[in-house]
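Have a look at the structure below, then the notes.
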Amino acid sequence: MTMTAEAAAARIAVRVELGTRSYDILIGRGLLDVAGSEIAARLPGARAAVVTDRNVAAAQLPRLAASLAAAGIEVVPVIIAPGEASKSFGMLEHVVRQVLAARLERRDVVIALGGGVIGDLTGFASAIVRRGMRFVQIPTSLLAQVDSSVGGKTGINTPEGKNLVGAFHQPELVLADTGALDTLSPREFRAGYAEVAKYGLINDAPFFAWLEANWRGIFAGGPEREHAVATSCRSKAKVVAADEHETGERALLNLGHTFGHALEAATHYSDRLVHGEGVSIGMVLAHRFSARMNLCSPDDGRRVARHLAEVGLPTEMRQIPGELPDADGLMALIAQDKKVSRGTLTFILTHGIGESFIARDVPPAEVRAFLRETLEA
Ligand SMILES: NC(=O)c1ccc[n+]([C@@H]2O[C@H](COP(=O)([O-])OP(=O)(O)OC[C@H]3O[C@@H](n4cnc5c(N)ncnc54)[C@H](O)[C@@H]3O)[C@@H](O)[C@H]2O)c1
Ligand SMILES: O=C(O)C(=O)C[C@@H](O)[C@H](O)[C@H](O)COP(=O)(O)O
Ligand SMILES: [Zn+2]
């Protein structure tokens, strides 16, 4: 299938301005069908490895493969197991060895077709094979389209914590085909929505209010979906352009993640809790903790929890199936957070909806007491 002129005209472009490493994010329905020509235009003559997981291979790989073939791009498929557990040293070695076995050269391209797991793993593999290959993100989950495909954070998990091994490595291009989200499961769609809501909660109260009124259109695949993806990408692109390596304001994108990542590690990166669900619970906890520290009104946390629960996201730790560690166990995981500096904790806290800020030197005793109270409630 070729993209109609009408669909092509409806395409939204967002630029990530990073000097010589700047790139485009293209957003719209049908982009998978023109991926080959878009990639060939930017990377003429490149061969490609396409890394994807079994679910995405079944749902979307044939369209991408046809498009790449039509553009004369030779493809080596690398298909791995779905799920967070694939962001591991073992799977990293597998992907790296497959790319090397195919004799892809440094100027060839590695394409990540999938959700954030595929994007983070493939991006990291492309950062280290031949000391850095070019890569393209083709995100197929809502989470990947609004967040993980943009900004160049790549990596894997270890038992000590989330994303503790990785590299900053920017893609050459991001192609977000919003129609590809039609095959995503409702649970995974909801999980990605947590990261959409995050942009409103960080610094865009009108966007959060818009989401409260329009979220159904995003889920149903109306024009609200493209608006939400584009607004999210613009918001992230601006932060990344200002602070690529997270020496300052990029940490705001971690709203809800200090708690969320600890909960993901505590549940061993299993399907008891997927990333976006951890972020949902984490954002509610960040608002409640802020209220406990007299930084915002308790009503803000109630409003956040009400909206996230309305779309079907978990908002409470007790909704996570199975046992959780106690407050001390969670604190041990939080101590591994990458925002820890000289042993002191950094959290993203808030003065209210859309008024998040970076709080350094957060007293561990307060966090521990808050977690204990919440776990016992
Ligand atoms: N690098 C970053 O900046 C960044 C930002 C946010 C999250 N992340 C990472 O992203 C990961 C979570 O990403 P995710 O939520 O996309 O999870 P995921 O990659 O596991 O994808 C979710 C599930 O949906 C399936 N899937 C994806 N697209 C599909 C489609 N179109 N049709 C059918 N099935 C599809 C996948 O096979 C998987 O089972 C976490 O590891 C998180 O740490 C990274
Ligand atoms: O891009 C960023 O910066 C983010 O923090 C986005 C987050 O949604 C994402 O989950 C990221 O992977 C977390 O980064 P980490 O540095 O805390 O591992
Ligand atoms: Zn995240």
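Nothing here was measured: the structure is a model prediction, and the numbers come from that model. Both ligands and their constituent atoms are indexed starting at 1 by order of listing.
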May I ask you to identify the nearest protein heavy atom to [atom], giving residue, atom name and distance to one decimal place in Å?
{"atom": "atom 9 (C) of ligand 1", "answer": "D120 OD2, 3.4 Å"}
{"atom": "atom 33 (C) of ligand 1", "answer": "T183 O, 3.1 Å"}
{"atom": "atom 5 (O) of ligand 2", "answer": "N254 ND2, 2.9 Å"}
{"atom": "atom 12 (O) of ligand 2", "answer": "N163 ND2, 3.3 Å"}
{"atom": "atom 35 (C) of ligand 1", "answer": "L184 CD1, 3.5 Å"}
{"atom": "atom 40 (C) of ligand 1", "answer": "E84 OE1, 3.2 Å"}
{"atom": "atom 7 (C) of ligand 2", "answer": "H257 NE2, 3.3 Å"}
{"atom": "atom 16 (O) of ligand 1", "answer": "S141 OG, 2.5 Å"}
{"atom": "atom 7 (C) of ligand 1", "answer": "L143 CD2, 3.4 Å"}

Nearest non-hydrogen contact with atom 18 (O) of ligand 2 belongs to which option: K162, E246, K153, K338?
K338

Going by distance only, is there an N or O of [X] that falls short of 3.5 Å from an N or O of ligand 1?
{"X": "H261", "result": "no"}
{"X": "G116", "result": "yes"}
{"X": "V117", "result": "yes"}

T258 and I348: side-chain contact (heavy atoms from CB on, under 4.5 Å), yes or no, with the steps?
CA-CA 8 Å; T258 315; I348 311 309; 5.6 Å; no

Any chance you could measure [X], atom [atom1], to [Y], atom [atom2], to the nearest 0.5 Å?
{"X": "E74", "Y": "L104", "atom1": "CD", "atom2": "CG", "result": "8.0 Å"}
{"X": "I281", "Y": "T315", "atom1": "CD1", "atom2": "OG1", "result": "7.0 Å"}
{"X": "I138", "Y": "L64", "atom1": "CD1", "atom2": "CG", "result": "4.5 Å"}
{"X": "T158", "Y": "Q336", "atom1": "OG1", "atom2": "CD", "result": "7.0 Å"}
{"X": "D177", "Y": "I27", "atom1": "CG", "atom2": "CD1", "result": "11.5 Å"}

Distance-only, no hydrogens or angles: does the [X] side chain make a donor-acceptor pair with backbone N or O of [Y] under 3.5 Å?
{"X": "Y199", "Y": "V146", "result": "yes"}
{"X": "S67", "Y": "G36", "result": "yes"}
{"X": "Q319", "Y": "E316", "result": "yes"}

Tell me the contacting part of S148 for ligand 1: side chain, backbone, both, or neither, using a 4.0 Å heavy-atom threshold, strictly below.
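The part of S148 near ligand 1 is both the backbone and the side chain.
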
With heavy-atom distances below 4.0 Å as the criterion, list the atoms of ligand 1 near [X].
{"X": "E188", "answer": "22 (C), 23 (C), 24 (O)"}
{"X": "V56", "answer": "26 (N), 27 (C), 28 (N), 29 (C), 35 (C), 37 (O)"}
{"X": "T140", "answer": "27 (C), 28 (N), 29 (C), 30 (C), 31 (N)"}
{"X": "K162", "answer": "40 (C), 41 (O), 42 (C), 43 (O)"}
{"X": "G115", "answer": "16 (O), 19 (O)"}
{"X": "D53", "answer": "36 (C), 37 (O)"}
{"X": "N55", "answer": "36 (C), 37 (O), 39 (O)"}
{"X": "K87", "answer": "9 (C), 40 (C), 41 (O), 42 (C), 43 (O)"}

Any side-chain heavy-atom pair from S149 and K236 closer than 4.5 angstrom?
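Not in contact.
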
Assess [X] for proximity to ligand 1: is some non-hydrogen atom of it under 4.0 Å away?
{"X": "K236", "result": "yes"}
{"X": "A180", "result": "yes"}
{"X": "E264", "result": "no"}
{"X": "V274", "result": "no"}

Run the numbers on R216 and E310 for salt bridge (charged side-chain N to carboxylate O under 4.0 Å, His left out), then give the verdict.
CA-CA 10 Å; R216 287 181 182 80; E310 185 181 24; 3.8 Å; yes

Ligand 2 versus D147, non-hydrogen atoms closer than 4.0 Å: side chain, backbone, both, neither?
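Side chain only; the backbone of D147 stays clear of ligand 2.
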
Salt bridge present between [X] and [Y] (N-O < 4.0 angstrom):
{"X": "D300", "Y": "R303", "result": "no"}
{"X": "R288", "Y": "E373", "result": "no"}
{"X": "R306", "Y": "E212", "result": "no"}

Does any N or O of ligand 2 fall below 3.5 Å from an N or O anywhere on D120, backbone included?
no

Numbered atoms of ligand 2 (with element) below 4.0 Å of [X], judged on heavy atoms:
{"X": "K236", "value": "1 (O), 2 (C), 6 (C)"}
{"X": "R250", "value": "1 (O), 2 (C), 3 (O)"}
{"X": "H275", "value": "10 (O)"}
{"X": "K198", "value": "6 (C), 7 (C), 8 (O)"}

M283/E195 under side-chain contact (heavy atoms from CB on, under 4.5 Å): CA gap, chis, key distance, verdict
CA-CA 10 Å; M283 291 193 300; E195 302 272 25; over 6 Å; no

Which of these passes side chain to side chain donor-acceptor pair (under 3.5 Å) with H257: E264, H275, K162?
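Only one option passes, and that is H275.
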
N, O or S of E195 under 2.8 Å from the Zn ion (ligand 3)
yes

With no hydrogens and no angle check, just 3.5 Å: does a side-chain donor-acceptor pair link K339 and N254?
yes

Strictly by modelled atom types, are Q145 and T178 linked by a side-chain donor-acceptor pair under 3.5 Å?
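Note: Q145 and T178 side chains miss the donor-acceptor criterion.
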
Above 12 or not: heavy atoms from other molecules or residues under 6.0 Å from NZ of K238?
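Not buried by this count: 12 neighbours or fewer within 6.0 Å.
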
Which angle, to 10 degrees, forms at the Zn ion (ligand 3) with NE2 of H257 on one side and NE2 of H275 on the other?
100°

